[in-house]
Amino acid sequence: MEIATALRTAAIVVSTALLVPAAAPVLPMQNAPSRAGMSLNGSWTTLVDPYNFGYLDYHDQPYPDGGIGANRIPKSKSDHEELGIPNTSPLLNVPGDWNTQRADLMLYEGTLWYKREFDYAPRPGRRLFLWFGAANYQAVAFLNGKKLGEHQGGFTPFQFEVTDVVKEHGNALIVMVNNQRRPEGVPATQTDWWNYGGLTRDVRLLDVPQTFLEDYSIQIQKGAPGRVAGWVRVNGPQSRQTVTVRVPEAGASVQVATDEQGFARFAFPATLTLWEPERPKLYDVVLEAGPDRVADRIGFRTVETAGQRILVNGKPVFLRGVSIHAEAPFRGGRVFSEAEARTLLTWARDLGCNFVRLAHYPHDEAMVRVADEMGLLVWAETPVYWAIQWENPATYASAERQLAEMIARDKNRASVILWSVANETPLGDVRLKFLSSLVAKAHELDSSRLVTAATLTHYTDDRTIAVDDPLGQYLDVLGCNEYIGWYDGTPDKLDRIAWKTPYNKPVVLSEFGAGALAGYHGDDETAWTEEYQANIYRHQVAMFQRIPFLQGTVAWILMDFRSPRRPVPHIQDYFNRKGLYSIRGEKKQAFYILRDFYLSFKQ
Ligand code: GCU
């Protein structure tokens, strides 16, 4: 049985010892990529560890010193230390998923150890943090043999303070990453996307002053378009600081004093050009506190609902959307660069979109920053996907934490207008309690944006669909996924469907679509042909125009993406083929159907 098969079968058995939740790391500092410090990207030595041998002894108990994390170095030629990552070990690139870097790891789900050695001269009066853009799914970090902590959740950043651990030369950073799917996880064991594992985003050593600008939020003051408002928090011994917030181009600024906790709110008048899709105006915003200075690029806009309308800067907007998975164009694998983000968003722009749904998890920060620049409105989502353990408090804690991390990272992005708490989750009381709590949390963490979820359709008779998920009473905007003509009936069924909703709230069709293999042609009744997909799009577009309360449509999906649930040989080959583009960037016929519909809005 070749190693990959052995590894696959071991997938679901997550040793309980691995699941001991350590104290969750504090939320990472805001705008981490702009901070001083050093990139730790590059080639890392690695060790594939299907039995967690590096962490658990033969009785499944964690080694007291952290095992491989302790960085045990053979002391003499007769020393036969097995728990180590010699420099001769295979290399993998960071950032990057391990699956697309080595064929034998394409299906690997388990533990893999990473090691990176570096030199860094700590400066007096400074603090050092190890920052990870993301690691799928669980990561345990060690520096110079000291366990720093761990993080769960594959799509959000985390950091550990290492001020007292870093030495000038020969630092050994060791990270254990485990991507095994787990029933209590978020997501759980079933996803229609590839479970790419590893250190999938940037790793940096951040170097900040003793007391630094840890976090801030700034946006148009609610109900006062001529003013901006927000808050700032410094972290460090000098918690009482004078903080200056400036928008130089607008000649606007304010000085505030932080309290004992290092926190201060602020508001000040500013005459600004508002950010919107047609004119994505960004401003330099500079925050200064003592020796620390952070600069950011921020757009100022308001987003709200009025009955069944979505308003951006007080003006109704129809969301012309497409969903995107963080699958890299051309090469496949998890997206981690600005260039790849820009390619995907440019393809969406070419489709005539003003809106993208980043499915089903927080994408790389570069994605939302490029969306800011390009003027694309964003739906950002936490991976509460399909069925999860609704009654499990640890599952709820993980979902809430991933939501909080997503909001913390992207709260200053003008492009992000919607936080989504879930996708296609089955109705039920425990689910409703779980999700309504998440909705409340999102509103508590960010009162300036709208909260949504992608709900499932529900027929009230054989030709009427009601968008009436009970979760709707808590949401600001209802998303609803439908695959009429593909999973649900034949394409002509779309011509007979009527829609209704009891909610006086905006409704967005958050998914619709059909599969096609690029370049495969035939009549429009032959499945998997471009003609079949295009035919469904034609009927979908006609149906949209018969739904009076519809405020947006989001095609599933921009580009074909890898999925373990798509095995059809010579058609899918483990790719979901519902893309309007192939992974090589070829436009399928349906692309033009939707583009013409979206461009018709501009006339
Ligand atoms: C679902 C789901 C997607 C999935 C899609 C499909 O609606 O939300 O994650 O990929 O359907 O079946 O293609």
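Numbering of ligands and ligand atoms starts at 1, following listing order.
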### Message
Applying salt bridge (charged side-chain N to carboxylate O under 4.0 Å, His left out) as the test, list every pair that has at least one member in residues 524-548; sequence neighbours left out.
### Response
none

### Query
Are the side chain of S420 and the backbone of A380 linked by a donor-acceptor contact shorter than 3.5 Å?
no

### Task
On the 0 to 90° scale, with breaks at 30° and 60°, tag the Y537-F512 ring pair as parallel, tilted or perpendicular.
tilted

### Enclosure of R309 CZ (heavy-atom neighbours >12, cutoff 6.0 Å)
no

### Task
Indicate yes or no: at least one non-hydrogen side-chain atom of V177 is less than 4.5 angstrom from one of Y114.
yes

### Query
Which class fits the ring pair F561 and H325: parallel under 30°, tilted 30 to 60°, perpendicular over 60°?
tilted

#### Entry: Sub-4.0 Å heavy-atom environment of ligand 1, residues by chain
D192, H360, Y385, N423, E424, N481, Y483, Y487, E511, W556, F561, R566, N576, K578

